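Heads up, the thing below is written out as structure tokens.
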Amino acid sequence: MSDNQRLIMRVRHLMALGTRNDNPHEAARAVALAQRLMQRHNLTQDMFSLTEVSESVCDSLTSNAERVPAWLNSLATVVCMATGCRSWFGWYVYTSMGGNKIHRRSLHFYGFSERPEIARYIFTVLQRQLRVATDRHTKSYRSRRILLRTLRCRADQFREGWVSGVWQVLQSFAPSSGETSVLQRWLVQRHRGNALTGLTIREVGSCRGDKMARMVGWLAGRDADVHQGLYGAQAPHQITEGGTAYD
């Protein structure tokens with residue numbers, strides 16, 4: 001822990017004493033000391049807010065493509081909207097058992113308190129469910145003679161419909177304007193000297209049977225069952241499909 005972090009923790013402790021102490025003289029003394037420390041060390045309230053922002057990284061994505069599939073980006077957006085977080089896609093280097101270095105995609109969630117960890121959990125479970133649901137759907141085409149391009153297009157249409165359906169189950173949890181401002185400053189600080197580049201999205205194409213595939217996906221996603229656990233006020237959601245739970 002840095003000296004600055006220790007100082008911030010001390011100021012927070014003093015402010016807590018000031019707001020919870022029944023003795024008005026001791027409360028005033030604690031608050032005054034906290035203010036003097038903030039002035040002496042040029043601490044601002046923004047710094048306290050920024051220290052409450054955390055980050056959680058998902059490094060096992062379904063796609064490692066340069067152009068992120070639209071459905072994958074939509075899934076990340078849906079999870080952020082449900083948890084009050086923000087996210088960005090990045091890269092990391094994975095070393096295989098044979099010593100080969102492979103570039104892989106990562107998804108970074110950031111937000112206040114434990115929200116990013118919850119977002120990563122929900123995204124991981126939903127991504128796994130989507131993979132299972134897509135495999136189940138595409139099996140229905142394997143007995144037919146369908147072009148590979150058409151099969152891939154229908155799979156992507158199913159995925160996009162599934163994500164839209166899941167959004168019908170989850171509830172929106174938007175951060176306040178004050179929180180959004182702090183998150184923007186945190187992101188700038190996080191990437192200082194290494195600015196984020198624009199994300200290139202791969203939109204799904206059209207094909208024969210695409211509307212039906214999207215509708216089937218929407219119905220499957222809408223039927224997903226989302227439960228909130230009983231571990232504190234902000235517990236990870238347990239998401240089930242077809243009666244089977246995925247941890």
Side-chain angles (χ1 to χ4, degrees), residues 57-82 87-98 100-109 119-170 196-226 239-247:
V57 184
C58 179
D59 57 7
S60 181
L61 301 186
T62 301
S63 173
N64 294 305
E66 175 75 29
R67 299 170 63 199
V68 175
W71 60 265
L72 185 60
N73 183 58
S74 296
L75 183 59
T77 300
V78 164
V79 171
C80 285
M81 292 174 69
S87 68
W88 81 86
F89 286 91
W91 293 98
Y92 72 99
V93 178
Y94 169 78
T95 304
S96 66
M97 294 292 291
N100 297 320
K101 295 187 181 299
I102 306 171
H103 285 83
R104 287 187 172 179
R105 276 288 186 188
S106 59
L107 178 57
H108 301 245
F109 292 101
R120 184 189 63 81
Y121 177 89
I122 294 176
F123 178 86
T124 300
V125 175
L126 284 177
Q127 183 181 232
R128 190 182 310 155
Q129 276 193 257
L130 177 54
R131 184 164 55 245
V132 172
T134 304
D135 289 344
R136 185 184 302 140
H137 175 70
T138 54
K139 279 182 181 178
S140 63
Y141 300 133
R142 292 179 183 174
S143 60
R144 311 175 197 176
R145 298 182 64 181
I146 300 177
L147 293 174
L148 181 59
R149 175 189 173 279
T150 302
L151 185 62
R152 288 174 175 171
C153 175
R154 288 185 184 179
D156 277 351
Q157 291 283 0
F158 176 87
R159 293 184 182 107
E160 289 203 352
W162 194 91
V163 173
S164 298
V166 164
W167 179 236
Q168 303 298 312
V169 182
L170 298 174
L196 285 172
T197 58
L199 185 67
T200 304
I201 303 296
R202 175 175 61 80
E203 300 293 344
V204 62
S206 58
C207 63
R208 181 170 55 87
D210 54 359
K211 291 183 176 60
M212 178 59 69
R214 179 181 287 266
M215 176 59 69
V216 173
W218 183 81
L219 291 172
R222 189 192 61 176
D223 289 340
D225 189 15
V226 182
I239 305 170
T240 64
E241 181 184 28
T244 303
Y246 296 84
D247 296 322

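These numbers come from a predicted model, not from an experiment.
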Residues L61, L107; criterion side chain to side chain contact (heavy atoms under 4.5 Å, CB included); working and verdict: CA-CA 8 Å; L61 301 186; L107 178 57; 4.0 Å; yes
Derivation and outcome, side chain to side chain contact (heavy atoms under 4.5 Å, CB included), residues W71 and T62: CA-CA 11 Å; W71 60 265; T62 301; 3.9 Å; yes
Verdict with supporting geometry, W218 and D223, side chain to side chain contact (heavy atoms under 4.5 Å, CB included): CA-CA 9 Å; W218 183 81; D223 289 340; over 6 Å; no
Test log, rule side chain to side chain contact (heavy atoms under 4.5 Å, CB included), inputs L126 and V166: CA-CA 9 Å; L126 284 177; V166 164; 4.1 Å; yes
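To the nearest 0.5 Å, the span separating CZ on R131 from CZ on R159 amounts to 10.0 Å. Between atom OG of residue S106 and atom CH2 of residue W88 there is a gap of 8.5 Å, rounded to the nearest 0.5 Å. A distance of 11.0 Å separates CD of Q168 from CG of L219, quoted to the nearest 0.5 Å. The OG1 atom of T134 sits 11.0 Å away from atom CD of Q129, with the distance rounded to the nearest 0.5 Å. To the nearest 0.5 Å, atom OG of residue S74 and atom CH2 of residue W162 are 12.5 Å apart.
The shortest side-chain heavy-atom distance between L72 and Q127 falls under the 4.5 Å cut-off. Under the 4.5 Å side-chain criterion, counting only non-hydrogen atoms from C-beta, T95 is not in contact with N100. Annotation: side chain of W167 is not in contact with side chain of R222 (no heavy-atom distance under 4.5 Å). When side chains are defined from C-beta on, L170 does not count as touching M81, because their heavy atoms never get closer than 4.5 Å. Here the side chains of N73 and F89 are in contact, with some heavy-atom distance below 4.5 Å. The shortest distance between side-chain heavy atoms of R202 and V68 does not fall below 4.5 Å.
Annotation for I201 and P69: closest pair CG2-C, 4.4 Å, computed over non-hydrogen atoms. Taking both residues in full, the closest heavy atoms of A213 and Q157 are given as CB-CB, 4.1 Å, listed atom of the first, atom of the second, then distance. Taking all atoms of both residues into account, the shortest heavy-atom contact from V79 to F109 is CG1-CE2, 4.0 Å. Between C58 and R120, the shortest heavy-atom contact is CB-CG, 4.0 Å. The heavy-atom pair separating R105 from A65 by the smallest distance is NE-O, 3.2 Å. Residues I146 and L151 approach most closely at CG2-N, 4.0 Å, considering heavy atoms.
Side-chain N or O atoms of D210 include one that pairs as donor or acceptor with a backbone N or O of C207 at under 3.5 Å. Remark: side-chain polar atoms of S164 are paired, donor with acceptor, to backbone N or O of E160 under 3.5 angstrom.
Within the cation-pi definition used here (under 6.0 Å to the ring centroid, within 45° of the axis), R154 qualifies as a partner of Y141. For the pair R104 and Y92, the cation-pi criterion (under 6.0 Å, within 45° of the ring axis) is not fulfilled.
The aromatic rings of W91 and H103 lie perpendicular to each other, with more than 60° between the two planes, well past the 30° mark.
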